[in-house]
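Structure record follows, encoded as structure tokens.
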Amino acid sequence: MQSITILGATGSIGVSTLDVLARHPDKYKVFALTAHAKVDELAAQCAQFLPAHAVVGTAEAAQKLSALLREKGLRTEVAYGEEALCAVASSPNTDTVMAAIVGAAGLAPTLAAARAGKKILLANKEALVMSGQLFMDAVEENGATLLPIDSEHNAIFQSLPQSYARSPRGAGVAKILLTASGGPFLARAVETLEAVTPDQACKHPNWVMGRKISVDSATMMNKGLEVIEAHWLFGAPANLIEVVIHPQSVIHSMVSYVDGSVIAELGNPDMRTPIANALAFPERIESGVAQLDLTAIGTLQFEKPDFQRFPCLALAFEALEAGGTAPALLNAANEVAVQAFLEHRIGFRDIDRVIARVMHENDHGAASSIEAVMAQDARARSAAETIISGIQR
Ligand code: NDP
Ligand code: MG
């Protein structure tokens, strides 16, 4: 029996994870579930999966959750705040941690899991983008296992040899081909992007996801963050990672080898596939996802990304090249700008403008410690808020 903690259980990835777990009650038991504010949803999950612990964001949320659990006669222990998140992520009573909190808020508990040597199923790409080498060092020094949930990285993981040791050249890798759907605005006239609404930006053609990552897909910052994520996960320099637009999202990414072979992972766009793959690795379990019907799909298309249309992609490559805390600046500015866009405080194209200004108006120091990264994150957030208050419509 694997004992699992799900950080971000009420989100899109969290719900998909529970869906897979529910299909295999003989293999997995839930140790802890966490949410931020969705207390009713978390209480319903507790009633179904009977975790020992549940963690929420605030004292009020914890009080409300405790009352709901009491009504249901459940004995789940309730706590709140970052320390409690870190405690359930590093507890000796959990083997596996699904890191599915959105954004920088996931860094501390995911790092706690790494320091405790857990098996980490990583969906929370922002944590790795921010902390890069520091996070990878924590994984290695503490004997943790890191398995990618992001569909592209899970596809790359499946397309690399099992013995892969973070050295692309050593494994004969010529390129990592990161596929991107191009999001909802791939074909829209660029001049009209100024006026798109949050609901339009969140309407992804292939994937159903949380609102933050949906906006990231529309700006292609998601792909930019994924380039940085691939750099750290697979030890690949920026010039070995190529973004290929593939609107059908059937090929989830590929590895191209020096002998001309290209290995890809294909499937229906449903996150339960990479979740099941990482949960059971190196075995295979059923995920509930239908088998791929290639003849029904018929055509797969590919094109080069347009960096003019998607300036966020260029900014992410720039941050990766700059190194140090530049990716932390990029990530924090993006989180603040996306939130402001979702709250109708700025326009869609202001997102890339805010990030570019934060990146170009602030120094990128060395990422010497997690504290230095967090300080840079805080600086970038306040710089982004200042810029946003200057451009608010
Ligand atoms: P959602 O917005 O759907 O869910 C986010 C989860 O994190 C919720 O459980 C939420 O709680 C919790 N949360 C939000 N803010 C905080 C906070 N400050 N402290 C603690 N918990 C918090 O996001 P997704 O599931 O879409 O994405 C989660 C992560 O997975 C992201 O990093 C994303 O990039 C990555 N990912 C997602 C994919 C997808 O298909 N959705 C694909 C690949 C990667 P509450 O519900 O209570 O607000
Ligand atoms: Mg992805």
Side-chain angles (χ1 to χ4, degrees), residues 5-19 32-45 54-58 60-62 64-65 79-86 88-89 98-110 120-130 148-157 178-183 202 204 206-217 220-230 233 243 246 249 251-253 265 268-275 278 289 331 334-335 338-339 342 377 381:
T5 289
I6 304 180
L7 304 170
T10 48
S12 159
I13 294 287
V15 168
S16 293
T17 304
L18 287 171
D19 182 285
L33 296 175
T34 86
H36 190 56
K38 287 195 179 150
V39 170
D40 295 322
E41 285 85 341
L42 187 59
Q45 292 179 343
V55 181
V56 288
T58 61
E60 299 76 65
K64 191 173 161 204
L65 180 64
Y80 68 91
E82 190 172 276
E83 225 172 278
L85 287 175
C86 294
V88 294
M98 166 56 82
I101 290 176
V102 60
L107 176 59
T110 308
I120 301 169
L121 314 184
L122 184 75
N124 180 205
K125 65 194 88 182
E126 297 93 340
L128 180 56
V129 165
M130 291 171 71
I149 293 298
D150 215 344
S151 59
E152 295 77 3
H153 304 75
N154 185 267
I156 294 162
F157 174 70
L178 202 59
T179 54
S181 69
C202 287
H204 196 278
N206 306 334
W207 300 92
V208 182
M209 311 181 284
R211 280 171 83 77
K212 190 266 178 181
I213 185 175
S214 296
V215 176
D216 284 349
S217 297
M220 278 194 80
M221 178 57 91
N222 182 50
K223 209 50 53 181
L225 297 177
E226 290 183 358
V227 168
I228 302 174
E229 183 184 13
L233 285 176
V243 174
H246 164 46
S249 300
I251 296 181
H252 298 143
S253 277
E265 185 263 341
N268 286 313
D270 187 319
M271 290 306 293
R272 290 176 301 174
T273 295
I275 289 167
V289 178
N331 179 65
N334 181 56
E335 284 189 30
V338 168
Q339 188 60 32
L342 286 171
D377 174 90
R381 280 170 200 275

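Whatever order the structure lists them in is the order used to number ligands and atoms, beginning at 1. Position 1 is the first residue of the sequence; numbering continues from there. When reading the values below, keep in mind they use all heavy atoms of this one structure, side chains included, and skip hydrogens, waters and symmetry mates.
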Self-check item: Distance-minimising heavy-atom pair for G106 and I101
Solution: N-CG2, 3.7 Å
Quiz item: How far apart are the closest heavy atoms of A84 and V55, and which atoms are they?
Solution: CB-CG1, 3.8 Å
Exercise. Could you pull out the closest heavy-atom pair between I149 and A278, with the gap in Å?
Key: CD1-CB, 3.5 Å
Self-check item: Expected output: side-chain T34 to main-chain V56 donor-acceptor under 3.5 Å
Solution: no
Quiz prompt | atom 32 (O) of ligand 1: nearest protein contact (heavy atom, Å) | solution = E126 OE1, 2.6 Å
Quiz item: Any N or O of K38 that comes nearer than 3.5 Å to an N or O of ligand 1?
Solution: yes
Quiz item: What is the OE2(E226)-the Mg ion (ligand 2)-OE1(E152) angle, to the nearest 10 degrees?
Solution: 100°
Quiz item: In ligand 1, which numbered atoms sit nearer than 4.0 Å to a non-hydrogen atom of G8?
Solution: 6 (C), 7 (O), 9 (O)
Self-check item: Sub-4.0 Å heavy-atom contact, A37 with ligand 1
Solution: yes
Self-check item: Enumerated ligand 1 atoms positioned under 4.0 Å from heavy atoms of A105
Solution: 17 (C), 18 (N), 19 (N)
Practice problem: Look at atom 35 (C) of ligand 1 and say which protein heavy atom is nearest, naming residue and atom and giving the distance to 0.1 Å. | Solution: A123 O, 3.1 Å
Quiz item: So which protein heavy atom does atom 5 (C) of ligand 1 come closest to, and at what separation?
Solution: V102 CG1, 3.7 Å
Quiz item: In terms of residue, atom name and distance, what is the protein heavy atom nearest to atom 27 (O) of ligand 1?
Solution: I13 CG1, 4.2 Å
Quiz prompt | Minimum-distance protein heavy atom relative to atom 34 (O) of ligand 1 | solution = K125 CE, 3.3 Å
Practice problem: For S253 and I156, indicate whether the former's side chain and the latter's backbone hold a donor-acceptor pair under 3.5 Å. | Solution: no
Practice problem: Write down the atom of H204, the atom of S217, and the distance for their closest heavy-atom approach. | Solution: CD2-CB, 3.6 Å
Quiz prompt | N or O pair under 3.5 Å between G210 and ligand 1 | solution = yes
Quiz item: Got the closest protein heavy atom to atom 11 (O) of ligand 1, with its distance?
Solution: H36 N, 3.0 Å
Exercise. Could you check T110 against I120 for side chain to side chain contact (heavy atoms under 4.5 Å, CB included), going step by step and ending with a plain yes or no?
Key: CA-CA 8 Å; T110 308; I120 301 169; 4.2 Å; yes
Quiz item: What do the steps show when you test M220 against V243 for side chain to side chain contact (heavy atoms under 4.5 Å, CB included), and what is the final call?
Solution: CA-CA 11 Å; M220 278 194 80; V243 174; 4.1 Å; yes
Quiz item: Below 3.5 angstrom, do we get any N/O pair linking M271 and ligand 1?
Solution: no
Self-check item: Side-chain (E82) to main-chain (A108) donor-acceptor, under 3.5 angstrom
Solution: no
Quiz item: Counting from 1, what ligand 1 atoms have a heavy atom of T10 closer than 4.0 Å?
Solution: 8 (C), 9 (O), 11 (O), 45 (P), 46 (O), 47 (O)
Quiz item: Which residue owns the protein heavy atom closest to atom 29 (C) of ligand 1, what's the atom, and how far is it?
Solution: I101 O, 3.8 Å
Quiz item: So, for V102 and N124, which heavy atoms are closest and what is the spacing to 0.1 Å?
Solution: C-ND2, 4.2 Å
Quiz prompt | ligand 1 to M209 polar contact by distance, N or O atoms, under 3.5 Å | solution = no
Practice problem: Show your working on side chain to side chain contact (heavy atoms under 4.5 Å, CB included) between E226 and T179 and close with a plain yes or no. | Solution: CA-CA 10 Å; E226 290 183 358; T179 54; over 6 Å; no
Practice problem: Go through the steps for E229 and L122 under the test side chain to side chain contact (heavy atoms under 4.5 Å, CB included), then give the verdict. | Solution: CA-CA 10 Å; E229 183 184 13; L122 184 75; 4.3 Å; yes
Exercise. State the atoms of ligand 1, each with its element, that fall below the 4.0 Å cut-off from a heavy-atom position in D150.
Key: 43 (C), 44 (C)
Self-check item: Heavy-atom gap A100 to ligand 1 smaller than 4.0 Å
Solution: yes
Quiz item: Got an N/O contact under 3.5 Å between I213 and ligand 1?
Solution: no
Quiz item: Out of the N/O/S atoms in D150, what is the name of the one closest to the Mg ion (ligand 2)?
Solution: OD1
Quiz item: For atom 41 (N) of ligand 1, what's the nearest protein heavy atom and its distance?
Solution: S12 OG, 3.2 Å
Self-check item: Closest approach of A180 to K223 (non-hydrogen atoms, all atoms of both residues)
Solution: CB-CE, 3.3 Å
Quiz item: Mind checking whether T34 has an N or O less than 3.5 Å away from an N or O of ligand 1?
Solution: no
